Asker: 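Shown below is the structure under consideration.
This structure is a prediction, so every number in the text was calculated from the model and none was measured.
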There are 2 protein chains.
Amino acid sequence: MAEQPVAKARRGRPRQAEVARLAGVSQTTVSLVLSGNKQGIALHPDTRARVLEAARQLGYAPDPAARRLAAARNDLLGVFSFTATFPTDVAHSYYPILVGVEQEAVARGYDLVLFTGSSAAPGRGGGGAAELNRVRLADGCLFLGRHVPADPLRRLVEQGYPAVHIGRRDELEGLAWVGADYAAATAEVVRRLAALGHRRMVLVCESDQALASVDRERGFRAALGEGELARASDAGPGPVVRVADPAAEITASWVRARLAEGVTAFVAEETDTCAAWRALVAAVDAAGLTAPADLSLALLGAPPADLAGRTEPTGFDVPKAELGAAAVRTLTALLTEGGADCSPLVPCAFRSGHTAGPPPPAP
Amino acid sequence: MAEQPVAKARRGRPRQAEVARLAGVSQTTVSLVLSGNKQGIALHPDTRARVLEAARQLGYAPDPAARRLAAARNDLLGVFSFTATFPTDVAHSYYPILVGVEQEAVARGYDLVLFTGSSAAPGRGGGGAAELNRVRLADGCLFLGRHVPADPLRRLVEQGYPAVHIGRRDELEGLAWVGADYAAATAEVVRRLAALGHRRMVLVCESDQALASVDRERGFRAALGEGELARASDAGPGPVVRVADPAAEITASWVRARLAEGVTAFVAEETDTCAAWRALVAAVDAAGLTAPADLSLALLGAPPADLAGRTEPTGFDVPKAELGAAAVRTLTALLTEGGADCSPLVPCAFRSGHTAGPPPPAP
DNA sequence: TCCCCTGACTAATGCGCATTAGTCACCGGC
DNA sequence: GCCGGTGACTAATGCGCATTAGTCAGGGGA
């Protein structure tokens, strides 16, 4: 954190004392009038009007730091992400979430403060701790992405700071979080495929052991277990295939081998790169097959932006805006009631798409 | 008694006084040790070590609110846009700017506060003025988009509030702004076309009288004036054609008529809808012509997202991220030095594209 | 008439920290 | 032995606000 040279940033910034002088009252009165007079102290309408007029005239705005220090609140919600909040590389992945966060925050009368954890935080002891500590300026904070360092975050939570993590994060005891219901959505996709007539399907996972991935696999297995599917899919390499290098392992011949075993539907999960899905699509292509005529494909999530032009994959959409909104709701519940009891899981919407259909008649 | 509604966030948080007690020194000393002792006051290594150890043991972390209150600044930069900061519809238009704003703000140790014009702030009088007043909570503020109401903004500026507008905005005396150098970029495009051999070219403008449009036209005319181009292009309807309804006016026959007059290059400017460019492309298409074989096309700006798949137009790119970064630099200069003397114009990068080439040999 | 309300405010305090003025023991020099 | 000067700290102050204790004039009730 680069310290600025001594600067008088708030040159003309009016304070309550100045409003008070202009209105001919005391600073206390100004505070009383402007903060809604929660003490129930009676005030003359005249005085009130004078104060408001003076404040308006001076363009008074309360200092959030002072408000917060005086043990009140400042109606600021923090949004912290360890990487840039507006990422350039993972194009727009957080953006839709922020849309939801902003809408909900505005609706509830909060402003948003963006805290970005700079990867380079040299000097100060405690490393990332200092970074995370800044969020205390806000009444509460949303944490974005699984790269938020656990230790400082735990400290924050232990000390009672209202925090909500966006994305499943239950390794931190006591940390509230909201997440997409990947398990249910995946199960829904499996059920839809089953309804189309598929009896045997394979889930292609990347080796990434993200929580979201675990959820999807759980949902997948659970849904398989519901019908005859489990037994049917258990043959061959099993219903879940975990690959380290999708492009190399998921080939045309791999697809043909699965088809020969009776697999008729292939499911991949969305990841940062969507490598598994890409590999799957490429392999099907290379095998001279097309979906949904020869086999069915499903993507557990949304396709990456650069594949936007292609056939819309069957699967589900994570309602990212809704996720952000839910996070804000949970956080404000924490702030006002001291406890959040909203469900942390946001349902995903099934997306019909055009890559799944009835399995081809057995040869 | 317990606090009523607001969660007591500062439960177990140690403060400097406690660290001081543990280390057997005064609070001042703790502050001195922990804040790097900028006063150059000498401290015993022993004392220093004791304090650091005590702080570590207690898990001390400074309260940012107090720190900022004492420092008389809050290291917060506002970002205000009259429409939602994260618009859902024109999602991509502000985003790249925000990327630049965030990067530069982080680099300079500032956090960002997002203000949304649409937020309902009841109670305060003054209508839209009150909206803008909220930004005073930040040390300074960036304003995005030309829909920021002029009157309240003027008031802010007049009262010495550090504000920077993103996008040219010189009708407000004293308001700092940063903008893209459309004139220079346009001139560059003209020069490139001239270098390719074009002697006669037409700029198609929409009736929109935006400042950016004016700049482009100015650059266009200026560059024409440099060579033989002006005289050559002055014939016919003149070098600049302003159309109210591009789709209706820019037709295949219009293009043919211009070609017949000797025009070999057509330039359109980017607008929200890019109607002129779309019309031009459609008209060329309808005339059975192709660029750059039969004629050259250039777009002063970036093509809209839905045309991303098509041939990349020759023209220039507005470095939006750089624009955001420049705005932050200007604002911080305002904050620390009291005056910004950085150039408000950000150069645009020429984009070769594939729609311009040498003019076809005269028939 | 005195006293105690009550209404409408104001003075004073403190949040946690940074900063500014001390304070005080010790040391060298004359 | 006295004095000025360091060096190493501490007391006090104030940032801007919310909150807690007043204060003070006017108005019944006894």
Asker: Consider the side chain of B:A70, meaning its heavy atoms from C-beta on, and name the nucleotide among D:dA12, C:dG16, D:dC9 that approaches it most closely.
Answerer: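 It is C:dG16.
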Asker: Please name the residue in the list A:V79, A:V164, A:V135 that meets the side-chain contact (heavy atoms from CB on, under 4.5 Å) test with A:F143.
Answerer: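 Exactly one pass, corresponding to A:V135.
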Asker: So, is B:R67 close to the C:dA18 phosphate, meaning a side-chain N or O under 4.0 Å from OP1 or OP2?
Answerer: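 B:R67 to C:dA18 OP1/OP2: side-chain N or O found under 4.0 Å.
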Asker: Could you tell me how far apart B:H44 (NE2) and D:dC9 (C1') are, to the nearest whole angstrom?
Answerer: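 Taking NE2 of B:H44 and C1' of D:dC9, I get 10 Å after rounding.
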Asker: Please check: side-chain N/O of A:D139 versus main-chain N/O of A:N74, any donor-acceptor pairing under 3.5 Å?
Answerer: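 Yes; at least one donor-acceptor contact below 3.5 Å.
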Asker: Could you check how far CZ of B:R73 sits from P of D:dG14, rounded to whole Å?
Answerer: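 My rounded result for the distance is 21 Å.
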Asker: Closest approach to the side chain of A:Q27, judged atom by atom: which nucleotide of D:dA18, C:dG16, D:dT10 is it?
Answerer: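 In terms of side-chain proximity for A:Q27, the closest of D:dA18, C:dG16, D:dT10 is D:dA18.
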Asker: Measure from the side-chain heavy atoms of A:T29 and tell me the nearest of D:dC15, C:dT10, C:dA8.
Answerer: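 So the nucleotide nearest the side chain must be C:dT10.
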Asker: Could you please name the option among C:dC17, D:dA18, C:dT19 that lies closest to any side-chain atom of B:T28?
Answerer: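 In terms of side-chain proximity for B:T28, the closest of C:dC17, D:dA18, C:dT19 is C:dT19.
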Asker: B:L43 has an atom CG; how far is it from atom P of D:dT6, in whole Å?
Answerer: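 Answer to the nearest Å: 18 Å.
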Asker: Considering residues, nucleotides and ligands other than B:E173, do more than 12 of their heavy atoms fall under 6.0 Å from its CD?
Answerer: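 Count not over threshold, so no.
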Asker: Would you mind reading off the distance between B:L69 atom CG and C:dC17 atom C1', rounded to a whole angstrom?
Answerer: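 Nearest whole value for this atom pair: 8 Å.
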Asker: In whole angstrom, what separates A:D139's CG from C:dC15's P?
Answerer: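 It works out to 19 Å between those atoms.
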Asker: How many whole angstroms separate atom CZ of A:R13 from atom C1' of D:dC17?
Answerer: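 Those two atoms, CZ and C1', are 11 Å apart.
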Asker: Grab the CG-P distance between A:N74 and D:dG16 for me, whole Å please.
Answerer: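 Those two atoms, CG and P, are 16 Å apart.
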Asker: Verify the distance criterion only: is there a donor paired with an acceptor across the side chains of B:T29 and B:S26 at less than 3.5 Å?
Answerer: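 Yes, a side-chain donor-acceptor pair sits under 3.5 Å.
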Asker: From the set C:dT10, D:dA12, D:dG16, return the single nucleotide nearest to any side-chain atom of A:V25.
Answerer: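 Output: C:dT10.
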Asker: Taking only N and O in the side chain of B:S31, is any of them less than 4.0 Å away from OP1 or OP2 of C:dA18?
Answerer: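 Indeed, a polar side-chain atom of B:S31 lies that close.
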Asker: Can you tell me how far P of D:dG16 sits from CZ of B:R68, to the nearest Å?
Answerer: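 From B:R68 CZ to D:dG16 P: 16 Å.
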Asker: Are OP1 or OP2 of D:dC9 and a side-chain N or O of B:T47 less than 4.0 angstrom apart?
Answerer: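 Looking at the OP1 and OP2 atoms of D:dC9, one of them is under 4.0 Å from a side-chain N or O of B:T47.
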Asker: Test your reading of the model: is there a side-chain donor-acceptor pair from B:R67 to the backbone of B:P62, 3.5 Å cut-off?
Answerer: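 Absent.
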Asker: Is the distance from OP1 or OP2 of C:dT10 to the nearest side-chain N or O of A:S26 less than 4.0 Å?
Answerer: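 Indeed, a polar side-chain atom of A:S26 lies that close.
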